[in-house]
Amino acid sequence: MRYWLMKSEPDEFSIHDLERVGTEPWTGVRNYQARNFMRDGMKPGDRILFYHSNTKVPGVAGIAEVASTAYPDPTQFDPRSDYHDPKATREEPRWMMVDVSFVEKFDDVVSLEEIKSIADELDEFALVRRGNRLSVMPVAERHYKRILALKPKSKRSKR
DNA sequence: GCCAACGTTGGC
DNA sequence: GCCAACGTTGGC
């Protein structure tokens, strides 16, 4: 199993939204590197750190998992979509995506600030490198586990 | 709202 | 194929 980090602006689509809908087609990625990670790297069952970007407290808000193999993003063919790509055709789609399913919502976000505070333990972790704008990135298993260890303990554990 | 970082576009 | 201009991301 591999591990990933995917960013979403919570005003657009948050971990709460994912919990509500269960599974969401991850449309709209229009960056080749991010596409390649989804197309070539992701397998159903892979775990995803669900990251809230462009918000008051950016950070990892929960866990999701890859729920499909990659398939063409239908929004690229839709002239009325914000994500329409006139150069994409059904014969030769340009943009691929996966479905993403809810796994867990953290009681509190593991903030970017906290993650940065242990950056010395997270060498080569793309998120904490300056200027990173990728919305989909691979996460090493040890980094995934280290970030989960920052998760707050549930106040009323039902497990 | 500012602006640094950086990917993309298009003229040459 | 270079690179300036432009657009977007995303932290602050």
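Chain letters run A, B, ... following the sequence lines, proteins first, then strands; residues in each count from 1. Every value quoted in this text rests on a predicted model; they were computed, and no experiment measured them.
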**Item:** Whole-Å distance separating the CG atom of A:Asp82 from the P atom of C:dG7
**Value:** 16 Å

**Prompt:** Which of parallel (below 30°), tilted (30 to 60°) and perpendicular (above 60°) describes A:Phe13 and A:Phe50?
**Reply:** tilted

**Item:** Whole-Å distance separating the CD atom of A:Glu113 from the P atom of C:dG11
**Value:** 12 Å

**Fill in**
Whole-Å distance, A:Asn54 CG to B:dC2 C1', equals 13 Å

**Fill in**
Atom CE of A:Met6 and atom C1' of C:dT9 are separated, to the nearest Å, by 16 Å

**Item:** Among B:dT8, B:dC6, C:dG11, the one nearest A:Lys116 by side-chain distance
**Value:** C:dG11

**Between B:dA4 (C1') and A:Arg133 (CZ): distance, integer Å** = 10 Å

**Prompt:** Taking only side-chain nitrogens and oxygens of A:Tyr51, does any of them come within less than 4.0 Å of OP1 or OP2 of C:dT9?
**Reply:** no

**Fill in**
Assign each of A:Lys87 and A:Asn31 the nucleotide of DNA chain B bearing its closest heavy atom; nearer the 5' end lies the nucleotide of A:Asn31

**Request:** Nearest whole angstrom, please: distance from the C1' of B:dT8 to the OH of A:Tyr32.
**Result:** 9 Å

**Message:** Minimum heavy-atom separation for A:Trp26 and A:Met97, please, with both atom names.
**Reply:** O-CB, 3.4 Å

**Request:** Go through C:dG10, B:dT8, C:dC12 for me and flag the one nearest to the A:Leu112 side chain.
**Result:** C:dC12

**Asked** So, A:Ser8 side chain and A:Pro10 main chain: donor-acceptor pair closer than 3.5 Å or not?
**Response** no

**Item:** Interatomic distance, A:Asp11 CG vs C:dG11 C1' [rounded to whole Å]
**Value:** 15 Å

**Prompt:** Does A:Lys7 make a side-chain N or O approach to OP1 or OP2 of C:dG10 shorter than 4.0 Å?
**Reply:** yes

**Item:** Separation of B:dC6 P from A:Gln33 CD (nearest whole Å)
**Value:** 11 Å

**Asked** Will you find, in the side chains of A:Arg80 and A:Thr75, an N or O donor that is under 3.5 Å from an N or O acceptor?
**Response** no

